[in-house]
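Worksheet for the structure shown next.
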Amino acid sequence: MATFVPFYILSHRPGSFGALPIWGTLPLWIVLVVLGREVLITLLRTWAAHRGRVLPAGRAGKYKAVVQNVFIGSAILWYALRSRALEDHWTGLVWDGWQAFHGAVLATSLAIAVVLTVYSMIVYLRSWRGLARGTG
């Protein structure tokens, strides 16, 4: 969760260095969805704990975490390699191919992470609703 804010700031720096593949700048709405989901789930779990209940982690949340981590690792590698490429003037077919492949992984993992973030939030809300009604 904490990496999305620095990625947002970095992607909005002037020039093309900070741009993410396909996405360009990291949209604020993505940062808000990711952060908002984490805050909401924390509040719901706290509410449940104060009532002696457990709102367990579900599969959707675990899948979300895995895909978010793929995005985070891809973004860190993206920025590290782009920085080095600019310093050393990397060019050529191999570098261009790597950028295309890596960019596709980064952009796709971010898209999937956003979808799973929303889906897992819905799953948690349904579980919380069951607890709140006393049926969960």
Side-chain angles (χ1 to χ4, degrees):
M1 175 176 89
T3 57
F4 278 80
V5 173
F7 289 150
Y8 175 81
I9 293 167
L10 189 57
S11 74
H12 283 80
R13 292 177 72 183
S16 64
F17 172 76
L20 294 171
I22 299 172
W23 291 89
T25 58
L26 183 61
L28 180 60
W29 69 266
I30 289 179
V31 176
L32 294 176
V33 165
V34 170
L35 295 176
R37 183 245 184 232
E38 298 304 324
V39 169
L40 178 63
I41 299 308
T42 299
L43 292 173
L44 295 178
R45 287 181 140 179
T46 301
W47 176 88
H50 283 293
R51 283 153 183 77
R53 302 288 187 104
V54 174
L55 189 58
R59 262 190 202 166
K62 292 177 189 284
Y63 293 145
K64 175 222 41 116
V66 167
V67 177
Q68 277 183 353
N69 284 318
V70 168
F71 164 72
I72 290 164
S74 296
I76 290 169
L77 183 59
W78 176 260
Y79 285 128
L81 289 178
R82 286 205 23 122
S83 177
R84 186 60 182 230
L86 289 172
E87 288 175 13
D88 293 346
H89 308 290
W90 292 355
T91 59
L93 187 59
V94 172
W95 174 240
D96 291 342
W98 172 254
Q99 286 187 95
F101 170 75
H102 189 119
V105 169
L106 190 149
T108 303
S109 64
L110 178 57
I112 294 170
V114 170
V115 169
L116 288 174
T117 297
V118 172
Y119 175 71
S120 68
M121 183 172 58
I122 292 167
V123 169
Y124 272 105
L125 287 171
R126 286 184 178 165
S127 295
W128 175 79
R129 187 175 65 189
L131 283 176
R133 290 182 177 169
T135 60

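Values reported hereafter were calculated over all heavy atoms of this structure, with side chains retained and with hydrogens, waters and symmetry mates removed.
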What is the minimum heavy-atom distance between [X] and [Y], and which atoms define it?
X	Y	value
L106	A75	CD1-CA, 3.5 Å
F4	V31	O-CG2, 3.9 Å
S120	T117	OG-O, 3.1 Å
S74	H102	O-NE2, 2.8 Å
S109	V67	O-CG1, 3.3 Å
Y124	R45	OH-NH2, 3.6 Å

With R37 as reference, evaluate I41, V39, V34, L40 under the side-chain contact (heavy atoms from CB on, under 4.5 Å) test and give the passing residue.
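Exactly one candidate clears the test, I41.
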Between Y119 and Y63, is the gap from one ring center to the other below 6.0 Å?
no
Sub-3.5 Å donor-acceptor pair from the side chain of [X] to the main-chain atoms of [Y], do we have one?
X	Y	value
S83	A80	no
Y79	G18	yes
S11	L26	yes

Full working for side-chain contact (heavy atoms from CB on, under 4.5 Å) between V33 and W29:
CA-CA 6 Å; V33 165; W29 69 266; 4.0 Å; yes
Rounded to the nearest 0.5 Å, what's the gap from [atom1] on [X] to [atom2] on [Y]? Could you check?
X	Y	atom1	atom2	result
I76	L81	CD1	CG	12.0 Å
R82	L20	CZ	CG	9.5 Å
R59	K62	CZ	NZ	10.0 Å
R53	L44	CZ	CG	14.0 Å

Heavy atoms, side chains only, cut-off 4.5 Å: are [X] and [Y] in contact?
X	Y	result
I30	L110	yes
L116	V66	no
I112	V70	no
L55	W47	no

Just wondering, more than 12 heavy atoms not from [X] lying within 6.0 Å of its [atom1]?
X	atom1	value
F17	CZ	yes
L93	CG	no
W78	CH2	yes
R13	CZ	no

Over 60° means perpendicular and under 30° means parallel, so classify the ring planes of F7 and F71, tilted if in between.
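Rings of F71 and F7: perpendicular, over 60°.
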Would E38 and K64 count as a salt bridge (Lys or Arg N to Asp or Glu O under 4.0 Å) here? Give the steps.
CA-CA 11 Å; E38 298 304 324; K64 175 222 41 116; 2.9 Å; yes
Mind checking whether [X] and [Y] sit in one hydrophobic cluster, side chains of I, L, V, M, F, W, Y counted as touching below 4.5 Å?
X	Y	result
W23	V5	yes
L77	F101	yes
L125	L43	no

T91 vs D96, side-chain contact (heavy atoms from CB on, under 4.5 Å): CA-CA, chis, key distance, verdict
CA-CA 7 Å; T91 59; D96 291 342; over 6 Å; no
